[in-house]
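Okay, structure first, notes after.
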Amino acid sequence: MINIRNILVLFLLTALVGCGKPPTSDANPLASMQVGKDYHSFSNPDSVKVNHIDLDLTVDFEKSVISGSATLSYKKIDQHATQLLVDTRALTINKITAGDQKLAFILHPEEGFLGSALEITLPADNAPVTIYYSTSPQASGVQWLTPAQTAGGEHPFLFTQAQAIHARSFIPLQDSPQVRVTYTATIRTPKELRAVMSASNDPQAERDGVYNFNMPQPIPSYLIALAVGDLHFKSMGERTGVYAEPALLDAAAAEFEDTESMLIATEERYGPYSWDRYDLLILPPSFPFGGMENPRLSFITPTVIAGDKSLVSLIAHELAHSWSGNTITNATWRDLWLNEGFTTYLTYRIMEIVYGTDRYNQEAVLGYQDLEEDVADLDANDQILAIDLRGRDPDDVFSNIPYEKGALFLREIEQKIGRDNFDAFLMQYFKDFAFQSITTDQFIAYLQSTLLMQYPDELNMQRINHWIFEAGIPQNAPMPSSNAFEIVDTARNNWLSGELKAKQINTANWTVHQWLYFLNNMPATLSQAQLTELDGAFALTASHNNEIAHSWLKMAVVNWYEPALPRLHEYLVTIGRNKLVKPLYEALSKTPKGKTFAQKAFAQAKPGYHPLTVKANEGFVEK
Ligand code: BES
Ligand code: ZN
């Protein structure tokens with residue numbers, strides 16, 4: 001019999017079952033997945049949760065080793081728990097104590113990229129445990145640079161990169177984004193160097209080789225970061241400044257002088273900045289990412305110092321993480337899109353506020369094209385926002401999907417409910433989950449109790465599930481467009497058809513983004529004459545904009561344009577940012593002569609590459 005009550009029960013059941021869970025047919029491998037479980041950590045935060053770490057570490061540049069102690073304070077969630085499980089990777093554990101008492105421990109066998117579980121028998125009184133340890137010179141999360149690999153050429157340099165699961169290679173800890181800790185650190189370095197961390201930094205601190213830090217807000221382990229080098233500071237605004245080697249300091253401060261405006265703009269839209277200061281640290285060119293949102297101190301590649309602020313969306317991005325990512329964090333790496341998608345959405349919004357809609361439109365089209373490329377190239381599973389990463393190294397799954405697809409999803413919600421309404425939602429979301437780590441499913445449940453209730457005519461669960469759990473870009477998704485690109489399309493077409501010589505194209509006022517759009521949308525195959533003509537008219541081989549050079553060099557590889565090859569070699573041996581070099585190695589690996597070229601460049605570059613860049617590219621140069 002059908003009655004209202006049955007219908008209601010049915011409706012509730014469907015809503016519950018469909019509540020953000022992946023479809024649960026037997027054929028679906030996700031059916032057995034435990035939502036919210038971190039498959040990339042051996043730790044046991046469900047029974048014992050570390051909540052504070054005190055570090056006392058010495059940085060030894062001669063041995064390429066960090067050694068000292070990490071004291072972990074914790075809370076027993078299960079009062080009967082006797083063991084603390086932490087993650088390590090290639091660490092040497094010397095002893096573990098609680099006060100004067102030595103504690104028993106087992107360092108379990110290594111399990112590939114996950115490293116080794118360290119199992120510690122806890123003291124009866126729940127006192128903090130101190131682990132005395134040292135890192136391996138090959139620690140996956142640390143790069144040691146010789147003086148020759150720095151801008152100044154006189155002093156060595158060290159930096160860490162913990163995201164996603166490399167903190168365990170330099171600190172024994174519960175290396176899961178759902179465990180948040182406050183920390184203090186004493187870092188001992190050679191006297192002439194300065195240490196900085198993702199914590200309170202004092203630019204006035206005397207350069208005496210002993211530096212003290214405090215991070216009073218609870219952060220996930222992947223945001224713990226350290227750098228040591230000949231670092232100097234220049235203020236850019238009331239709350240913003242830049243640390244860099246002296247040779248780069250002025251150029252960096254000029255390039256990123258809008259950081260303070262970005263900070264203010266973001267606060268106006270999304271609520272107060274929670275982290276006190278926001279400084280940038282400019283790394284040597286081997287830094288494997290564009291940027292890393294280490295709290296209070298984003299780590300930034302020098303490859304975006306273009307001289308014209310054309311690549312500063314990177315700063316907007318890392319700054320935006322102070323809201324989306326650092327205050328609300330993904331609970332597992334499956335939920336990375338909650339970090340990167342929201343941040344990419346915010347990046348676009350910040351860029352629009354600070355630099356105008358024209359620039360926003362251009363950047364959005366380029367981002368959309370990156371996404372289209374990944375949708376064409378990646379396996380279906382890897383196109384899913386809430387990706388199944390079980391058994392996989394998160395480093396191997398880096399793509400535009402969590403970024404651009406995540407941002408596009410949010411853009412669609414914005415367009416459906418209105419910008420101001422969506423901003424109000426985001427501001428509240430950042431507040432409601434501040435200093436928490438959440439899963440995709442928690443986000444969906446939150447959407448259900450907020451926007452889906454408020455805007456039942458504009459939004460529906462089916463569409464949202466489609467965005468989050470299915471491959472590809474849903475039909476009728478927002479499609480960015482830019483008027484500024486129309487003239488570029490016309491110019492390219494007229495040149496390709498022979499109507500116009502390259503020199504006749506009026507490029508005088510083209511933005512870097514127009515150039516990128518011009519190059520990225522060329523046909524795959526061009527003749528030597530065409531490449532020579534472009535290069536002659538626009539000096540592309542000589543371009544100092546690293547993004548333009550990247551696009552051009554990729555075309556040069558695919559079409560084997562020899563005049564650009566010396567520049568390509570130089571590019572590959574001086575830049576270690578994986579996003580810029582990997583596509584070039586990949587393109588080179590497709591032909592025998594390309595591969596030989598790549599092998600030579602890689603062999604020369606490898607000593608200066610970060611372990612992540614080595615790992616990501618060595619497959620392309622295998623004999
Ligand atoms: N947090 C990421 C970098 C990251 C992601 C490291 C996943 C390890 C695992 C950072 O905020 C980022 O997204 N960097 C991008 C910036 C770009 C999208 C503006 C990069 O490095 O290219
Ligand atoms: Zn990011």
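One-based numbering, in listed order, for ligands and for the atoms of each.
A salt bridge is absent between Lys405 and Asp370; no separation between the charged side-chain nitrogens and carboxylate oxygens falls under 4.0 Å. Under 4.0 Å is where a charged nitrogen must lie from a carboxylate oxygen, and between Asp393 and Lys615 at least one such pair does. Classification of Lys234 and Glu257 as a salt-bridged pair fails, no side-chain N sitting under 4.0 Å from a carboxylate O. Remark: Arg359 engages Glu363 in a salt bridge, criterion side-chain N to carboxylate O under 4.0 Å. Remark: Asp279 does not engage Arg296 in a salt bridge, criterion side-chain N to carboxylate O under 4.0 Å. We find that Arg239 and Glu267 are joined by a salt bridge, their nearest charged nitrogen and carboxylate oxygen being less than 4.0 Å apart. Using a 4.0 Å cut-off between charged side-chain N and carboxylate O, Arg419 and Glu352 make a salt bridge.
Within ligand 1, the atoms closer than 4.0 Å to a non-hydrogen atom of Met292 are 1 (N), numbered from 1 in the order shown. Listed by number with element, the atoms of ligand 1 under 4.0 Å from a non-hydrogen atom of Tyr403 are 2 (C), 5 (C), 12 (C), 13 (O), 18 (C). Of all atoms in ligand 1, listed by their number and element, those nearer than 4.0 Å to a heavy atom of Leu314 are 16 (C), 19 (C). For ligand 1, the atoms sitting less than 4.0 Å from at least one non-hydrogen atom of Phe398 are 5 (C), 7 (C), numbered in the order shown with element in parentheses. In the vicinity of Glu293, heavy-atom distances shorter than 4.0 Å reach the ligand 1 atoms 1 (N), 2 (C), 10 (C), 11 (O). Taking every non-hydrogen atom of Arg577 and a distance limit under 4.0 Å, the qualifying atoms of ligand 1 come out as 22 (O). Shown in contact with His321 at under 4.0 Å from a heavy atom are these atoms of ligand 1, numbered in order with element: 11 (O).
When only interatomic distances are considered, the shortest N/O to N/O separation between Gly290 and ligand 1 falls below 3.5 Å. The shortest N or O to N or O distance between Ser313 and ligand 1 is not under 3.5 Å. Residue Glu318 has at least one nitrogen or oxygen atom sitting less than 3.5 Å from a nitrogen or oxygen atom of ligand 1, judged on distance alone.
Contact annotation for Gln163 and ligand 1: heavy atoms of both the backbone and the side chain come within less than 4.0 Å of the ligand.
A donor-acceptor contact shorter than 3.5 Å is absent between the side chain of Thr301 and the backbone of Phe287. Side chain of Gln383 to backbone of Leu378: a donor-acceptor contact under 3.5 angstrom is found.
Looking at Glu340 and the Zn ion (ligand 2) together, the shortest N, O or S contact belongs to OE1.
By heavy-atom distance, the residue among Gly291, Ser298, Pro402 lying nearest atom 10 (C) of ligand 1 is Gly291.
The protein atom (non-hydrogen) at minimum distance from atom 2 (C) of ligand 1 is Glu340 OE2, 3.3 Å.
For residue Glu318, no N/O/S atom approaches the Zn ion (ligand 2) to within less than 2.8 Å.
Taking CG of Leu280 as the reference point, atom CG of Leu297 lies at 7.5 Å (rounded to 0.5 Å).
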